[in-house]
Each structure stands twice: as C-alpha cells, then as structure tokens.
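Just follow the structure's listing: the first ligand is 1, and inside any ligand the first atom is 1. What you see is a predicted model; the values in this text were computed from it and never measured. Numbering starts at 1 and runs along the sequence shown.
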Amino acid sequence: MTNPLLADWDTPFKLAPFDTISDDDFAPAFEQALAAHKAEIAAIADHADAPSFANTIEALERAGAALDKVLSVFFSVAGADSNPAREALQRDFSPKLAAHSAEISANKALFARIKTLWEARESLALNAEQRRVLMLTHRGFVRGGAALEGDADARMKEIKGRLAVLGTEFTQNLLADERDWFMPLAEEDLEGLPGFAVDAARAAGAEKGAEGPVVTLSRSIIVPFLQFSPRRDLREKAFAAWAARGANGGETDNREIAAEILALREERAKLLGYGCFADYKLETEMAKTPEAVRSLLMEVWAPAKAQAEADAAVLTEMMHADGVNGDLAPWDWRYYAEKRRKAEHDLDEAALKPYLQLERMIAASFACATKLFGLEFKELDVPLYHEDCRAWEVTRGGDHVAVFIGDYFARGGKRSGAWCSAMRGQAKFPEVQGPVVINVCNFAKGEPALLSYDDARTLFHEFGHALHQMLSNVTYESISGTSVARDFVELPSQLYEHWLEVPEVLAEYATHAETGAPMPQEMLEKVLGAANFDQGFATVEYVASALVDLAFHEGAAPGDPMAKQAEVLAELGMPAAITMRHATPHFAHVFAGDGYSSGYYSYMWSEVMDADAFEAFEEAGDAFDPKTAKALEEHILSTGGSVEADALYTRFRGRLPGVEALLKGRGLVAG
Ligand SMILES: [Zn+2]
C-alpha cells in the first residue's frame with residue numbers, strides 16, 4: 001500500500017487525508033521524499049543541457065513537491081498536536097533538514113548554472129516575476145557563501161559552524177540563569193498580589209521543590225510581581241536578578257560570547273563583500289540601510305522619551321505620597337504605573353469577556369473580509385488532525401479562493417502562542433494551486449468560549465496573515481503569500497487588528513453571551529483607552545534595545561559590547577527609571593540566532609506601517625472604503641514577494657510610511 005503522505009491526495013480540495021495518516025507513516029515518507037528531493041537537485045545541477053530558466057530556476061521551483069507535502073502535514077501536527085512520538089520524529093528530522101539545505105546552498109555545480117543565468121538575465125526574455133525569482137535565487141546563494149572559493153569558502157564554513165555553537169551556548173546560559181534563581185516568599189509577602197499571581201507563585205514553588213511560593217525569572221511570574229507587590233525591597237531584589245541574567249560571572253556568563261558573535265558576524269559580512277553586518281542583513285529588508293532604520297527609530301524616540309519623562313514625574317509623586325522618598329527606580333515603575341492604570345482606566349476583564357464570544361469574533365473577522373474583499377466563507381465537513389479543528393471554503397463571486405482552517409483551543413501538545421501557516425502556498429506553476437491556510441491559537445474552551453480583548457486581537461492578527469496567503473496571486477510559490485521581507489511580513493496582520501476597533505464591528509459582533517446586548521459605549525472606550533496606557537515606557541524600553549542592536553552591527557564590531565551598550569544609552573539620555581527591554585547578556589533575539597540581529601527594529605517598523613496604512617481608510621472617511629480596500633489587495637495582499645516591499649507600499653499609499661499615525665496611536669503626540 002502506498003504511504004498516504006505520498007499518495008495522490010484525491011480528496012476535496014486535495015487536502016491531506018488526515019483520517020488515513022498515522023504517526024508510523026511519517027518517518028518512511030520523510031526519508032523517501034528527502035531522497036527524492038536530493039535526486040531532483042542533483043539532476044538539475046548535473047543537467048546535460050546549457051542552463052535555461054526552465055531547466056534550472058523553474059526546475060528548482062518544481063522540486064521538492066513530495067517533501068513539501070510530508071512536511072506540511074508533519075509540522076502542522078508537531079506544532080499544534082504533538083506527542084512523544086512526534087517529538088522524537090522532530091528531533092530526527094530537524095538536523096537532517098538543516099544538513100539538506102546546507103548541502104543545496106553549497107552545491108557549486110548548481111550555483112554555476114544560476115550564476116550563468118543571472119549574468120545573462122538581459123537576454124533571457126523573462127517577465128518581471130521571473131526576473132525577480134531569478135534575482136532572489138541568485139542572491140540567496142551568494143549570501144549563503146556559494147560564490148566563495150578556497151580559503152574564504154573554508155573560513156565561511158568555520159564561521160557558520162562556530163556561530164551555531166555560540167548561539168546555542170547563549171540560549172542555554174540564559175535558560176540556566178533563569179532556571180537557577182528563585183526568591184522564596186513568606187505568606188505575608190503575597191500581600192497585594194492578585195489571585196492568578198499567587199497561584200503562579202505557589203505552582204512555581206512546588207515545581208522548584210521549595211517550601212512555599214516563590215518568584216522566578218519567568219516573565220509571566222516576575223512582571224506581575226513587579227506590578228503588584230508593595231514590598232519595595234523584594235521588588236528591588238527580584239529586579240536585580242532579572243536584569244543580571246547572562247551576566248552573573250562564571251560558566252553561564254554571556255558577555256564574552258556576545259563579543260565573539262559580533263566579531264564573527266562582521267567577518268562573515270566582509271567575506272561576502274559588505275562593509276558591515278548591518279549592511280549585509282538589511283539588504284533584503286524593506287529598510288535596506290542602517291541609516292533608514294536609525295532615522296525611523298529616532299523619530300519615535302524623542303516623543304517617547306518626553307512622554308516617559310512626564311510619566312516618571314507623575315509616578316515619582318505617587319511614590320512620595322506613598323511615603324517613599326528619593327528617585328523612582330526601575331523596580332518601582334511597573335508598581336506605580338499599575339496603580340495609576342487602575343485609577344485611570346480600570347477595566348473589569350470579567351465583565352468584558354461575555355461580550356467577546358469566540359464564535360462571534362470569528363464571524364466578525366470573516367465579515368470584515370467580506371466587506372473589504374468580497375470573500376465568502378462556507379464551513380466544510382472534512383477530516384482534520386484534531387476534532388477541535390474547523391475548515392471553511394473561501395470563495396469570491398462563486399470561484400474557489402482557498403481553504404481556511406482554524407484550530408482555536410489550547411490543549412496539551414500544542415505549543416504556546418498563536419501562528420498562521422500555509423499547509424499549501426498559492427501558485428500557478430507548474431499548475432494552479434489554491435492555498436490551504438491555517439490559524440492556530442490557544443484560547444480557553446468554554447460554553448460558549450469567551451475571549452479576552454487581547455485574544456480577540458490575536459484572532460484578527462492571525463487572520464490578517466491568512467488573508468496575505470489566501471489573496472496571494474503570483475505564479476511561483478517561492479514568492480507567494482507571506483514570502484516577503486521580515487520587516488514587511490507583519491503589515492497585513494497588524495493592519496487587520498485595526499478592524500476589530502472599528503466601532504460598527506464591535507457594535508454588531510461584541511454582543512453579550514447571555515443577553516445579546518451590544519457592548520456598552522463606556523466599556524468600549526475603556527478597552528480602547530487601556531491599549532494606549534504607559535506607551536512612553538513601552539516605547540522607550542523597546543527603542544533603546546533596537547538602537548543598541550543596530551549599533552552592535554554597524555561599522556566595526558565592538559570589542560566590549562557592554563561598554564558599547566553604555567555608550568549608546570548615555571548618548572540617548574536613557575531615562576534613569578527605565579532599562580532596556582532586553583539588555584545585551586540576555587538579548588536572545590539578537591544572540592540566540594541570526595533571526596533578529598540588526599533586525600529587532602522590525603516590530604516597530606511594521607507598526608509604523610500598519611498605523612500609516614490604516615490611516616488611508618480613515619482619510620477616505622470609511623473603514624471599508626472599497627477603493628482603498630482594492631488598492632490594499634492589488635498592491636500588498638496579492639503580490640507576495642514579487643516586488644520590493646518599499647515599492648509595494650508606495651504603490652498603495654503614494655509615498656513611504658511616516659511615523660505620525662503611530663505616534664498618535666500610541667498617544668505620544670496629540671491625536
Ligand atoms: Zn504576526
């Protein structure tokens with residue numbers, strides 16, 4: 001019998017036949033599909049004919065179809081419905097996949113063909129999208145080091161290997177520091193903590209084998225403690241330990257590791273012909289240059305710092321009124337900010353929840369897509385990997401667009417957080433292929449299931465990513481949907497969150513689970529006001545981290561990163577009562593791997609764009625303005641990575657994004 005993962009999927013919409021797949025099928029299917037992809041790559045690299053776009057670039061696009069099928073199913077279940085067998089398979093597959101992709105990028109014969117095509121690009125009669133795919137393929141190989149020869153080639157391999165080891169050490173040291181420290185609390189030390197924080201402290205104590213409740217350095221435990229504990233001495237002690245992660249001396253100290261990583265990254269960029277690592281890293285981003293990143297961050301910095309200083313004065317006064325003299329310290333900020341929040345924006349989560357029914361919020365996210373893009377949703381009855389998963393056929397004007405799968409509830413075996421992935425990406429080559437897109441969330445079950453406001457935003461966020469996949473309209477899968485620059489990929493998702501805040505959407509869909517009454521206006525205003533609270537602090541701690549990250553990777557690598565960090569913060573005039581969101585010795589975004597190195601700015605970059613993009617609808621006077629919606633689809637949601645991100649944005653908005661809308665949205669300038 002054919003392995004069901006490798007068989008032709010003769011199912012509705014060619015969905016994976018989940019009801020016939022068992023865990024035993026994964027390993028043999030994976031080995032067979034991996035071998036097939038290796039053979040396909042070898043056949044392309046060793047092709048007897050001279051390289052052509054069809055026999056090389058299109059052949060690469062076509063290759064790996066079986067592996068894609070196997071992995072799309074495997075990674076869906078490994079992330080959302082894992083078990084020990086699937087975890088073991090993942091430990092087996094991951095290094096094999098990493099080695100496989102390293103092997104492809106180091107294939108000199110393959111690269112020679114791509115290079116020949118790239119050099120002959122003017123004479124190949126390619127259309128714009130083909131030329132883009134050729135450019136991206138060539139650039140990917142070059143950036144991976146495929147063009148290096150001899151000593152440079154050998155050194156690049158050494159650097160990559162060493163960076164992988166250092167990244168892992170950095171992570172493990174951080175985990176060790178977070179695991180080893182805890183602060184026991186006496187019963188009277190629990191005073192002021194809300195029930196959920198007390199429960200978490202007790203659970204953490206039990207886990208650590210302590211006599212009673214403890215504070216640990218896990219963000220979900222220490223942040224509520226800093227927010228709610230009136231014990232200034234304990235807050236100071238806990239904060240000091242939190243701030244010292246990765247910098248405690250001894251075996252788990254990350255400071256020298258950070259210095260070595262930065263030096264190796266600079267060397268790597270120089271081997272590839274770039275002036276510095278930031279130049280190399282930002283080349284593929286929308287921002288493109290370190291100057292563009294710095295200028296955006298500095299435009300946000302000044303008003304954020306001014307707001308933070310004004311807030312610090314208010315909090316200092318509250319502290320003095322509390323009988324504590326002297327300056328506001330970093331371990332005081334969250335505590336007094338929480339008191340202020342309660343006084344100014346008290347929002348009763350328990351009273352809010354009945355208005356946010358999951359079923360109604362799903363309907364709201366669909367209804368906005370109907371109004372904006374004409375999409376219709378019809379629930380399907382098809383076998384999926386878990387009984388909680390639901391699927392819808394998405395159509396427009398009667399034509400099939402996509403299949404959308406929602407897997408909404410938390411359960412053991414699902415990793416935390418929320419995400420969107422395409423089990424099958426949109427493409428027209430080698431044949432038309434409709435996308436199959438999944439949103440995975442971790443909402444609590446209930447009868448009916450009720451969401452927090454944050455949950456509802458998450459639902460809209462992930463659905464925004466899903467629209468980017470479903471409305472994709474390109475030829476080649478490698479550039480379809482969300483295959484765009486990292487600092488552009490959150491635009492559709494963060495933008496979609498804005499429709500949740502459109503008053504007519506909440507008025508229609510945020511209805512009480514028992515009475516059916518719409519959310520009262522006063523509650524709605526509180527919800528929206530609370531979102532802006534303490535943004536001076538949040539922006540300052542974030543932007544400071546982003547600017548330090550940028551300074552580390554621009555120009556020569558600093559021999560002493562801690563000194564460099566101090567220098568950058570001094571130049572900025574960092575407010576004394578705020579620290580970086582992630583200081584260097586525990587800045588995992590930047591040092592645990594390459595993902596966000598000189599890229600930590602991208603969260604804010606996307607936020608600048610989503611605020612600016614939504615303003616296009618506001619300027620048109622209608623959150624569902626058909627002309628603006630059409631432009632959004634035409635220039636951003638349908639184009640994938642077929643055009644540079646800055647050009648796409650300019651086509652949509654007539655200009656590049658400005659920071660004003662973000663500053664207004666965060667309450668950092670008058671709206
Ligand atoms: Zn996202």
Side-chain angles (χ1 to χ4, degrees), residues 75-76 79-80 219 284-287 358 361-362 364-366 368-369 372-373 402 404-408 410 414-423 425-426 435-443 451-472 479-501 531 538 542 545-546 581-582 588-590 592-596 599-614 632-633 636-641 645 648-649 652 657 661-662 665-666:
F75 283 118
S76 294
R219 193 171 269 273
T284 56
E285 300 298 312
M286 177 177 172
L358 171 63
M361 289 298 113
I362 294 172
S365 67
F366 288 177
C368 291
L372 289 162
F373 310 114
F404 175 73
I405 300 171
D407 177 3
Y408 295 110
K414 190 187 272 193
R415 75 183 153 85
S416 60
W419 63 93
C420 170
S421 55
M423 294 183 72
Q426 179 273 332
V436 177
V437 183
I438 180 162
N439 276 180
V440 184
C441 303
N442 267 290
F443 302 143
L451 305 182
S452 69
Y453 192 70
D454 267 357
D455 290 341
R457 271 170 73 144
T458 299
L459 181 85
F460 271 68
H461 179 101
E462 298 309 331
F463 195 69
H465 283 306
L467 287 170
H468 199 186
Q469 300 278 15
M470 297 193 291
L471 292 172
S472 178
I479 55 163
S480 82
T482 55
S483 303
V484 298
R486 183 189 297 276
D487 59 1
F488 192 68
V489 74
E490 295 298 327
L491 169 61
S493 52
Q494 293 181 182
L495 177 59
Y496 207 66
E497 291 176 31
H498 288 266
W499 275 281
L500 174 61
E501 296 184 357
Y542 168 84
S545 291
R581 185 168 169 86
H582 308 283
H589 288 82
V590 171
D594 238 0
Y596 280 91
Y600 190 62
Y601 77 91
S602 52
Y603 296 98
M604 178 140 294
W605 187 273
S606 313
E607 211 183 309
V608 163
M609 270 193 294
D610 77 66
D612 186 74
F614 191 69
L632 180 67
E633 178 179 350
I636 292 180
L637 296 175
S638 68
T639 39
L648 291 178
Y649 196 86
F652 167 60
L662 169 112
R666 286 197 167 205

Taken in chain and number order and not counting sequence neighbours, the residues that satisfy ring-ring contact (aromatic ring centres under 6.0 Å, His included) with H582 are F587, H589, Y600
### Message
In this structure, is the centre-to-centre distance between the rings of Y601 and Y596 below 6.0 Å?
### Response
no
Residues passing the side chain to side chain contact (heavy atoms under 4.5 Å, CB included) test with A661, sequence neighbours excluded, are A611, E615
- Task: Indicate whether the side chain of N439 and that of E462 have a donor and an acceptor atom separated by less than 3.5 Å.
- Result: no
N, O or S atom of H461 closer to the Zn ion (ligand 1) than 2.8 Å: yes
request  = Taking both backbone and side-chain atoms into account, decide whether E462 has an N/O/S atom under 2.8 Å from the Zn ion (ligand 1).
outcome  = no
min-distance N/O/S atom, E490 vs the Zn ion (ligand 1), resolves to OE1
